[in-house]
Amino acid sequence: MSKTLSERTIALVKATVPALEAHGLDIVREMYARMFQNPEIRDLFNQSHHGDGGSQPRALTGAILAYAGNIDNLGALAPAVERIAQKHVGLQILPDHYPHVADALLGAIKAVLGDAATDEILAAWGEAYWFLADILIAREHRVYGEQKAADGGWNGWREFRVEQVVRESSVIRSFVLRPVDGQAVMAHKPGQYLTFWLEIPGHPPVKRNYSISGAANDETYRISVKREPQGLASGWLHDAAQAGTILKVAPPAGEFFLADHPERPVVLLSGGVGLTPMVAMLETIAARHPALPTHYIHGTHNRETHAMRDHVRALAAQASAIRVVDFHQTPLPGETAGADYDHAGIITDDWLIANTPAGEADYYICGPRPFLRAAVSALSLAGVASDRIHYEFFGPADELLAA
């Protein structure tokens, strides 16, 4: 494959942007329909993102448009490429899978655009696809190698036994996982996730990502899962997984994690079950960086939905530099400010800027998409540099080839 895109290809791909804006979603839906005719390829994807009203087709449409619009400035897409590569590694996507996507994408372009998709246009998109694919394949190869070489590392799916199930709130349970082979596990970076291959009776294999909610300890992982309405995987974990249940797990992955040696104050900002990676970061800070000024700010509905509150407060008690602030959006009757929570209502933009060191801190943010958008927007408008705003969101990634 060529190492640079030809000027003609760049021009042709950019020229297709208006057609993609008009017909991109139809192209993506047709592409997925073609790919999912192959069960091996279908099972690589989270099907909950692809059903009626699923968000993945829209996300991929936007990503393809971003790629086409920036094809002459691919440096702008570097963070997205890393995020995609990490997702692919979690899902165990291999070089052999890429030709299936290429065939489906090009076939979909032709099927939807008809005669407008000339041979020259299809050749340009083929070149553009493989240019990006080669970058991803190379990066994924390096990550797979690092995982295998790490102490306690592995490639592929490894069996873990549920050692303990803990009720953290009315909607969240934690699962402590220990490898069946009794060997060590690789140290994850606080904030990363595990990918699970779940075999749920009556359904094709299900793959889900869940953030690791504890610091690295070389022996076990902990995930904390919210039961989602009509959630196939989360419902099965809550209802069926118990001590002794065996789960297939891929190695830790993800580009959202606490810096190894944080040099600036840290703000850990979360909403709902978005606290899971934050707890992993907070445990790490309390153990390794107790003098690091840290603000742990969490918002949830009320006392019943507030997970790991006592654990977080205990961590803060170990390190005087850690400050914890809780928001309950709709406190229950009988809840007391100062005892059950610190503030009633939501975390407002003004409060966040006024009560955190916006001029110097690194912000780590995780939560539902509206929560995330509001926080990132507020911080950006307040002048916080983009390289100090780190975030993880739920649902499909808004990038090309995100599975």
Non-neighbouring partners of [X] that pass salt bridge (Lys or Arg N to Asp or Glu O under 4.0 Å), sequence neighbours left out:
{"X": "Glu120", "answer": "Arg8"}
{"X": "Asp103", "answer": "none"}
{"X": "Arg158", "answer": "Asp181"}
{"X": "Lys248", "answer": "Glu199"}

Interatomic spacing from [atom1] in [X] to [atom2] in [Y] - rounded to 0.5 Å:
{"X": "His289", "Y": "Ile322", "atom1": "NE2", "atom2": "CD1", "result": "11.0 Å"}
{"X": "Arg34", "Y": "Leu106", "atom1": "CZ", "atom2": "CG", "result": "10.0 Å"}
{"X": "Arg173", "Y": "Ser234", "atom1": "CZ", "atom2": "OG", "result": "11.5 Å"}
{"X": "Ile64", "Y": "Ile109", "atom1": "CD1", "atom2": "CD1", "result": "7.0 Å"}
{"X": "Leu258", "Y": "Ile285", "atom1": "CG", "atom2": "CD1", "result": "5.0 Å"}
{"X": "Asn355", "Y": "Ile297", "atom1": "CG", "atom2": "CD1", "result": "7.5 Å"}

Exercise. Can you check side chain to side chain contact (heavy atoms under 4.5 Å, CB included) on Asn70 and Asn73, steps first, answer last?
Worked result: CA-CA 5 Å; Asn70 289 280; Asn73 181 30; 4.3 Å; yes

Exercise. Side chains of Val266 and Tyr296: closer than 4.5 Å at any heavy-atom pair?
Worked result: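 No, too far: nothing below the 4.5 Å cut-off.
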
Problem set entry | Side chains of Val143 and Glu140 in contact at under 4.5 Å (non-hydrogen atoms) |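 Side-chain contact under 4.5 Å: no.
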
Not counting sequence neighbours, which residues clear ring-ring contact (aromatic ring centres under 6.0 Å, His included) with [X]? List them please.
{"X": "His298", "value": "His306"}
{"X": "Phe175", "value": "none"}
{"X": "Trp351", "value": "Phe327, His343"}

For this session: Could you tell me which residues satisfy side chain to side chain donor-acceptor pair (under 3.5 Å) with Arg313, sequence neighbours excluded, listed by chain and number?
Result: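 So Arg313 forms a side chain to side chain donor-acceptor pair (under 3.5 Å) with Asp326, Asp342.
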
Problem set entry | Enclosure of His301 NE2 (heavy-atom neighbours >12, cutoff 6.0 Å) |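 Not more than 12 within 6.0 Å, no.
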
For this session: May I have the step-by-step check of salt bridge (Lys or Arg N to Asp or Glu O under 4.0 Å) for Glu228 and Arg208, ending in yes or no?
Result: CA-CA 13 Å; Glu228 298 290 351; Arg208 293 291 188 273; over 6 Å; no

Problem set entry | Donor-acceptor contact present, side-chain Ser377 to main-chain Arg373, <3.5 Å |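 Flag not set: sc Ser377 to bb Arg373 has no pair under 3.5 Å.
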
Problem set entry | Sidechain-backbone polar pair: Lys110 side chain, Ala117 backbone, donor-acceptor under 3.5 Å |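 Present.
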
For this session: Taking atom types as modelled, find out whether Thr300 and Thr305 have a side-chain donor-acceptor pair closer than 3.5 angstrom.
Result: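 Side-chain D/A pair, Thr300 to Thr305: present.
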
Exercise. Just by distance, with hydrogens left out, do Glu168 and His311 show a side-chain donor and acceptor under 3.5 Å apart?
Worked result: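 Glu168 vs His311: no donor-acceptor pair found between side chains.
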
Where at least one partner belongs to [range], residue pairs that pass ring pair (Phe, Tyr, Trp, His ring centres under 6.0 Å), sequence neighbours excluded:
{"range": "residues 137-156", "result": "Trp154-Phe160"}
{"range": "residues 359-385", "result": "Tyr364-His390"}
{"range": "residues 234-257", "result": "none"}

Exercise. If you look only at pairs with a residue in residues 286-304, which of them pass as a salt bridge (Lys or Arg N to Asp or Glu O under 4.0 Å), with sequence neighbours excluded?
Worked result: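 As it turns out, the salt bridge (Lys or Arg N to Asp or Glu O under 4.0 Å) pairs with a partner in residues 286-304, which skip direct neighbours, are Arg303-Asp340.
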
Exercise. When you check the gap from the basic side-chain N to the acidic O, do Arg142 and Glu146 get nearer than 4.0 Å?
Worked result: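 The answer is no: the pair does not qualify as a salt bridge.
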
Exercise. Hey, is Arg264 close enough to Glu360 for a salt bridge, meaning N to O under 4.0 Å?
Worked result: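 Not counted as a salt bridge, because no side-chain N and carboxylate O are separated by less than 4.0 Å.
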
Exercise. Which atom names give the shortest non-hydrogen contact between Ser224 and Ser213, and what distance separates them?
Worked result: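 Closest approach of Ser224 to Ser213, heavy atoms only: OG-OG, 2.9 Å.
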
